[in-house]
Amino acid sequence: MSDLHTILLIPQFPLQRVGEELERLRASAPLVHCLTNEVVQSVTANVLLALGVSPAMIVADEEVAEFATIADALLINVGTLYPARLMAMQKAVTAANAAGTPWVLDPVAAGVLAYRTAALHDLLKQKPAVIRGNASEIMCLAGEDAGGKGVDSTAHSGMAVAAAQRLARQTGAIVAVTGEVDYVSDGEVTWAIPWGHTLMTRVVGTGCALSAVTAAFVAGAGDRLAAVAAACAVMAIAGERAESACDGPGTFLPAFLDALYIMQPAMLRAVEE
């Protein structure tokens with residue numbers, strides 16, 4: 001499935017559906033519990049706020065389980081992982097599963113370091129609703145040999161489509177493999193999200209923030225595959241708009257937050273009408 005011909009046959013996710021999912025998100029304004037990379041907490045919170053979502057960075061071991069039952073969705077991002085943080089993540093996931101709260105796994109640097117890779121395989125057994133990672137991370141979780149370069153992928157997203165589809169069937173999760181083109185699959189149906197700009201990779205935290213936005217879209221979603229595809233599309237479209245309004249990485253982030261804030265469902269639907 002990863003050959004170029006087959007990848008080209010994967011349909012583009014319709015902008016009309018992006019607009020519908022964004023409208024649902026804005027109306028529900030979900031509360032998202034983020035146990036995320038400590039380097040990007042501020043960026044993540046600002047991205048969620050720009051979209052009209054309520055972020056919460058509750059990390060204390062004594063509080064995570066209680067809060068995971070209050071939140072509408074949970075993000076588990078292993079970017080800055082250590083034993084105390086992992087213990088808190090496991091408590092939050094257990095509580096979320098008991099409460100029926102969907103949770104998203106961002107497997108940062110899976111396959112690069114043994115400790116986090118073992119932790120990620122344990123977390124996979126606890127049934128995440130969504131797995132969102134780069135090509136190397138998704139290929140690792142699917143059982144392939146694909147070590148990344150630190151937190152960066154050494155493969156392009158198209159190379160991981162088959163692994164993403166297999167991982168979705170193995171876990172029951174929606175799997176998003178992101179890169180120059182994002183691919184989102186439930187193991188049977190796969191969508192391509194072709195938008196975005198390489199400048200997004202020159203600003204810390206856009207990938208981690210995408211996982212948080214994915215959690216927000218999944219909260220209360222009737223169609224999780226469409227919700228995850230819409231999350232990827234909204235971030236990518238905002239990235240394109242921000243690039244055209246900035247001079248480089250230093251001015252990209254403010255333009256990106258503005259693009260998320262002003263994006264309206266009617267704008268997206270109108271493109272295909």
Side-chain angles (χ1 to χ4, degrees), residues 18 22 25 32 34-57 59 75-81 104-110 112 116 130-138 148-158 160 176-184 192-217 228-264 267-268:
V18 180
L22 179 59
L25 178 81
V32 178
C34 301
L35 278 160
T36 192
N37 189 333
E38 294 174 352
V39 178
V40 304
Q41 290 187 100
S42 177
V43 173
T44 299
N46 281 318
V47 164
L48 291 174
L49 286 168
L51 281 169
V53 175
S54 297
M57 278 55 181
V59 298
L75 167 65
I76 298 294
N77 174 315
V78 300
T80 45
L81 192 66
V104 174
L105 179 62
D106 187 335
V108 179
V112 177
R116 69 180 51 226
V130 181
I131 303 164
R132 199 296 303 170
N134 65 35
S136 291
E137 293 161 352
I138 296 301
K149 182 182 179 183
V151 300
D152 297 325
S153 180
T154 54
H156 63 75
S157 55
V177 52
T178 54
E180 184 174 351
V181 176
D182 300 340
Y183 297 95
V184 179
I193 294 88
W195 306 290
H197 194 276
T198 55
L199 194 53
M200 298 175 75
T201 65
R202 296 293 184 179
V203 178
V204 69
T206 54
C208 296
L210 169 56
S211 294
V213 170
T214 299
F217 271 85
V228 176
C232 293
V234 163
M235 291 287 279
I237 293 167
E240 284 190 3
R241 184 183 179 96
E243 186 279 332
S244 66
C246 75
D247 296 319
T251 50
F252 176 84
L253 189 56
F256 184 61
L257 294 174
D258 286 348
L260 291 170
Y261 179 74
I262 65 175
M263 190 182 300
Q264 296 300 321
M267 296 164 53
L268 299 167

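Only a predicted model underlies this, so the values are computations on that prediction, with no experimental measurement involved. Any value given below was found using the heavy atoms of this structure, including those in side chains, with hydrogens, waters and symmetry copies removed. Numbers here are sequence positions counted from 1.
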How long is the gap from [atom1] on [X] to [atom2] on [Y], to the nearest 0.5 Å?
X    : Y    : atom1 : atom2 : result
N77  : T44  : CG    : OG1   : 7.5 Å
C34  : D106 : SG    : CG    : 11.0 Å
S211 : I76  : OG    : CD1   : 11.5 Å
N46  : Q41  : CG    : CD    : 12.0 Å

Any side-chain heavy-atom pair of [X] and [Y] under 4.5 Å:
X    : Y    : result
L22  : F217 : yes
T198 : E243 : no
R116 : V108 : yes
F256 : V47  : yes

Looking at [X] and [Y], what are the two nearest heavy atoms and their distance?
X    : Y    : result
T206 : M235 : O-CE, 3.7 Å
V203 : P249 : CG2-O, 3.9 Å
C208 : V40  : CB-CG2, 3.6 Å
P194 : V181 : CA-CG1, 4.2 Å

Original post:
Is a donor on one side and an acceptor on the other found under 3.5 Å between the side chain of E137 and the backbone of A109?
Top reply: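 A pair under 3.5 Å: yes.
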
Subject >> Check: T214 side chain, A231 main-chain N or O, donor-acceptor pair, under 3.5 Å >> reply: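 Between the backbone of A231 and the side chain of T214 there is no qualifying donor-acceptor contact (under 3.5 Å).
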
**OP:** Kindly check if the number of other-residue, nucleotide or ligand heavy atoms within 6.0 Å of CD (E240) is above 12?
**Re:**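 Atom CD in E240 is packed in, count exceeds 12.
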
